Amino acid sequence: AAVPQAAAPRAADLKEDELVVLDADSRQPLPRELGELIAAARAVQGRAYAPYSGFAVGAAVRLGDGRIFTGANVENASYGLAVCAERTAVLAAVLAGGRQVVAVAVCTSLWPPAAPCGMCRQTLAEFAHDAEVVLCSPSGPAQRTRLSVLLPHAFRPADLEQFAEQTAPVGRPKRRP
């Protein structure tokens with residue numbers, strides 16, 4: 001049986017002022033699509049399970065088809081088993097059939113906001129060629145960057161394909177993962 005995911009807030013359900021977010025550098029309003037993504041990340045931050053660190057994180061990813069999926073960090077008494085918000089959002093998108101992340105918003109209670117960890121950056125790189133990344137706090141402006149800036153030399157599926165081609169025995173068909 002499918003487990004329903006809590007839906008990201010729809011733009012129609014949000015107040016207009018929740019969709020207007022200023023760029024921290026230019027002080028100009030961000031595009032509405034980014035405002036929707038930020039509102040979704042801010043909304044889900046409160047669902048984080050962070051009893052050990054107290055560091056609640058919310059994330060939202062937008063797919064190429066426009067769908068938004070959210071995630072929050074879930075900690076564990078065995079610290080290494082914690083799952084970050086960005087990865088839970090990506091996993092929810094993948095489980096719904098999504099494969100192309102075009103933008104991500106991450107909400108932390110810091111200023112400046114925290115960026116995704118290395119594991120989250122690599123997970124994003126699996127499903128996003130060069131997504132826009134927006135870092136925000138529960139209120140106030142947001143910082144914009146790109147995945148290629150956060151992870152300039154990402155290890156991607158194409159690297160495995162190149163390896164398979166380079167290591168295939170002569171005369172045997174090349175393997176594709």
Side-chain angles (χ1 to χ4, degrees), residues 5 8-11 14 17-45 47-48 55-74 82-163 177:
Q5 182 203 338
R10 293 186 354 237
L14 297 169
D17 64 332
E18 292 178 300
L19 299 176
V20 178
V21 179
L22 297 181
D23 182 296
D25 294 327
S26 72
R27 306 305 287 175
Q28 296 298 312
L30 294 173
R32 184 177 178 88
E33 298 81 30
L34 292 180
E36 292 171 2
L37 203 60
I38 290 167
R42 286 175 170 167
V44 77
Q45 183 186 19
R47 296 186 199 157
F55 192 72
V57 180
V61 297
R62 182 184 298 277
L63 299 180
D65 64 11
R67 291 182 295 163
I68 294 175
F69 292 86
T70 59
N73 57 318
V74 178
V83 182
C84 300
E86 300 90 331
R87 286 185 288 138
T88 62
V90 168
L91 295 175
V94 169
L95 290 174
R99 297 292 186 271
Q100 183 188 17
V101 173
V102 296
V104 60
V106 180
C107 182
T108 64
S109 295
L110 294 175
W111 186 258
C117 73
M119 192 179 295
C120 288
R121 294 175 194 198
Q122 184 61 49
T123 300
L124 287 165
E126 182 75 15
F127 300 100
H129 178 67
D130 189 22
E132 179 151 26
V133 178
V134 184
L135 308 173
C136 64
S137 297
S139 63
Q143 295 181 320
R144 294 171 81 171
T145 188
R146 299 208 63 89
L147 183 58
S148 62
V149 172
L150 295 175
L151 190 63
H153 302 286
F155 184 76
R156 299 188 182 275
D159 296 314
L160 290 175
E161 291 174 14
Q162 182 180 6
F163 173 76

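Everything numeric here is computed off the predicted structure, so don't read it as measured data.
Checked against side-chain hydrogen bond (donor to acceptor under 3.5 Å, both in side chains), Arg99 has no partners two or more places apart in sequence or in another chain. For Val74, the side-chain contact (heavy atoms from CB on, under 4.5 Å) partners at least two apart in sequence or on another chain are Tyr49. Residues that satisfy the side-chain hydrogen bond (donor to acceptor under 3.5 Å, both in side chains) test with Arg146, not counting sequence neighbours, are Asp130. Among residues two or more places apart in sequence or in another chain, the salt bridge (Lys or Arg N to Asp or Glu O under 4.0 Å) test is passed with Arg144 by Glu132.
For Gly35 against Val21, the heavy-atom pair with the smallest separation is CA-CG2, 4.4 Å. Residue Gln143 comes nearest to Ala24 through the heavy atom pair CG-CB, 3.9 Å, listed as atom of the first residue, atom of the second, then distance. The shortest heavy-atom contact between Ser139 and Arg42 is C-NH2, 3.5 Å. Nearest heavy atoms, Ala96 versus Arg67: O-NH1, 3.4 Å. Nearest heavy atoms, Leu151 versus Ala125: CD2-CB, 4.0 Å. The shortest non-hydrogen separation linking Phe55 to Asn73 is O-ND2, 2.8 Å.
Taking 4.5 Å as the limit, some side-chain heavy atom of Leu150 sits within range of a side-chain heavy atom of Val133.
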For a quick test of your reading: what N or O donor-acceptor pairs under 3.5 Å do the side chains of residues 100-118 make, sequence neighbours left out?
from, atom 1, to, atom 2, distance (Å)
Thr108, OG1, Ala114, N, 3.1
Ser109, OG, Gln45, NE2, 3.1

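Among residues at least two apart or in separate chains, there is no side chain to side chain donor-acceptor pair (under 3.5 Å) pair with a member in residues 82-92.
From Ser137, atom OG reaches atom CD1 of Ile38 across 10.5 Å, with rounding to the nearest 0.5 Å. From Thr145, atom OG1 reaches atom CG of Leu135 across 7.0 Å, with rounding to the nearest 0.5 Å. Taking SG from Cys84 and CG from Leu91, the interatomic distance works out to 10.5 Å, rounded to the nearest 0.5 Å. Distance check, rounded to the nearest 0.5 Å: CD of Gln28 to CG of Asp23 gives 8.5 Å.
Under a cut-off of 6.0 angstrom, the local environment of CZ in Phe155 is crowded, with over 12 non-hydrogen atoms contributed by other residues, nucleotides or ligands.
In this structure, the side chain of Arg156 engages the main chain of His129 through a donor-acceptor pair within 3.5 Å.
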